[in-house]
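Single-structure report; data block below.
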Amino acid sequence: MSVRPEDSLAKMVANLKETTGKSLEEWRVTIATTGLTKHSEVVAYLKNEHQITHGFANQISLRRAEESLDAAPVDATEQIFAKRPHAYEIYKALLVKILEFGSDVDLGPKKAYVSVRRKKQFAILQPAADRLDVGINLSAMQSGERLEDSGSFNAMVSHRVRVRSIDEIDQELLDWLGTAYQAS
């Protein structure tokens with residue numbers, strides 16, 4: 001049985017002090033003294049100066065502006081899809097299929113998309129105005145009409161598939177994602 005991403009993130013925040021040596025509030029104070037404001041700068045600072053893993057550094061940076069630890073945790077995935085409910089419905093339907101690949105599938109919400117990883121990233125799921133863009137790492141695969149080169153979409157993947165409806169979550173798409181999963 002797979003763990004929901006929001007449950008994993010909540011557990012990560014709950015274990016923050018035990019794992020990193022400081023609570024979120026203590027990290028807020030530490031970060032405030034640096035004057036850093038950009039997410040990427042804060043993540044780099046935490047990783048380089050405090051040897052915090054990327055996952056924890058990312059969550060500390062994302063959550064540093066929350067009111068308090070008592071506040072309801074922000075669901076980063078829901079924030080990504082907040083203005084794109086149609087894409088969110090497609091995302092949720094596709095995610096069910098992706099999680100069937102194996103218990104080692106890991107989700108990492110970023111600022112504008114969700115990274116899908118095994119040992120390394122094999123796909124990204126990013127909302128667009130009328131669709132879900134599915135970026136896939138298939139560097140050895142030839143592009144076609146549906147499986148297009150990623151181009152300027154995202155340099156972290158080699159291809160993109162534009163999914164406009166749940167009906168487009170078909171075996172072809174799942175095969176491409178499965179191939180990328182196996183290679184990661």
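To the nearest 0.5 angstrom, L173 atom CG is 7.5 Å from I98 atom CD1. Y113 OH to L132 CG: the interatomic distance, rounded to the nearest 0.5 Å, is 14.0 Å. Within the model, atoms CZ of R84 and CG of D130 stand 9.0 Å from one another, a figure rounded to the nearest 0.5 Å. In this structure, L36 CG and T30 OG1 are separated by 11.5 Å, a value rounded to the nearest 0.5 Å. Taken from CE in M141 to CD1 in I136, the straight-line distance is 8.5 Å, to the nearest 0.5 Å. Here I90 contributes atom CD1 and I166 contributes atom CD1; the two are 6.5 Å apart, rounded to the nearest 0.5 Å.
E25 and R28 get closest at one heavy-atom pair: OE1-NH1, 2.6 Å. Between P109 and I80, the shortest heavy-atom distance links the atoms CB-CD1, 4.0 Å. Between Q126 and A112 the shortest heavy-atom distance is CG-O, 3.4 Å. Contact record, E26 with G21: OE1-O, 4.3 Å, taken as the closest heavy-atom pair. Considering every non-hydrogen atom in both S23 and L16, the closest pair reads C-CD2, 4.0 Å.
Using a 4.5 Å heavy-atom cutoff, the side chains of I124 and V114 are not in contact. With a 4.5 Å cut-off on side-chain heavy atoms, V157 and Q121 count as touching. No side-chain heavy atom of S150 sits under 4.5 Å from any side-chain heavy atom of H159. Considering only heavy atoms from C-beta on, L94 stays 4.5 Å or farther from V163 through its side chain. Side-chain atoms of N58 and L46, non-hydrogen and from C-beta on, never get closer than 4.5 Å to each other. No side-chain heavy atom of L125 sits less than 4.5 Å from a side-chain heavy atom of L107.
Residues W176 and L174 share a single hydrophobic cluster, defined by chaining ILVMFWY side chains whose heavy atoms lie under 4.5 Å apart. Hydrophobic cluster membership differs between V134 and M156, with clusters built from Ile, Leu, Val, Met, Phe, Trp and Tyr side chains linked at under 4.5 angstrom. Under the 4.5 Å side-chain contact rule for hydrophobic residues, F81 and L95 share a cluster.
The side chain to side chain contact (heavy atoms under 4.5 Å, CB included) check on S184 picks up R118, K120, F122, with sequence neighbours excluded. Qualifying side chain to side chain donor-acceptor pair (under 3.5 Å) partners for R131, counting only residues two or more places apart in sequence or in other chains: D133.
Inspection of the E148 and S143 side chains reveals no N or O donor paired with an N or O acceptor under 3.5 Å.
Using a cut-off of 4.0 Å between Lys/Arg side-chain N and Asp/Glu carboxylate O, R146 and E168 are scored as not salt-bridged.
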I would like to know whether H39 and S61 meet side-chain hydrogen bond (donor to acceptor under 3.5 Å, both in side chains); could you show each step before the answer?
-> CA-CA 6 Å; H39 173 75; S61 181; 2.8 Å; yes
Kindly determine whether N137 and S158 satisfy side-chain hydrogen bond (donor to acceptor under 3.5 Å, both in side chains), including the steps that lead there.
-> CA-CA 5 Å; N137 277 326; S158 61; 4.6 Å; no
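The backbone N or O of F101 lies less than 3.5 Å from a partner atom in the side chain of Y181, making a donor-acceptor pair.
The aromatic ring centroids of H50 and W27 lie less than 6.0 Å from each other.
In K92, the NZ atom is crowded: over 12 heavy atoms of neighbouring residues, nucleotides or ligands sit closer than 6.0 Å.
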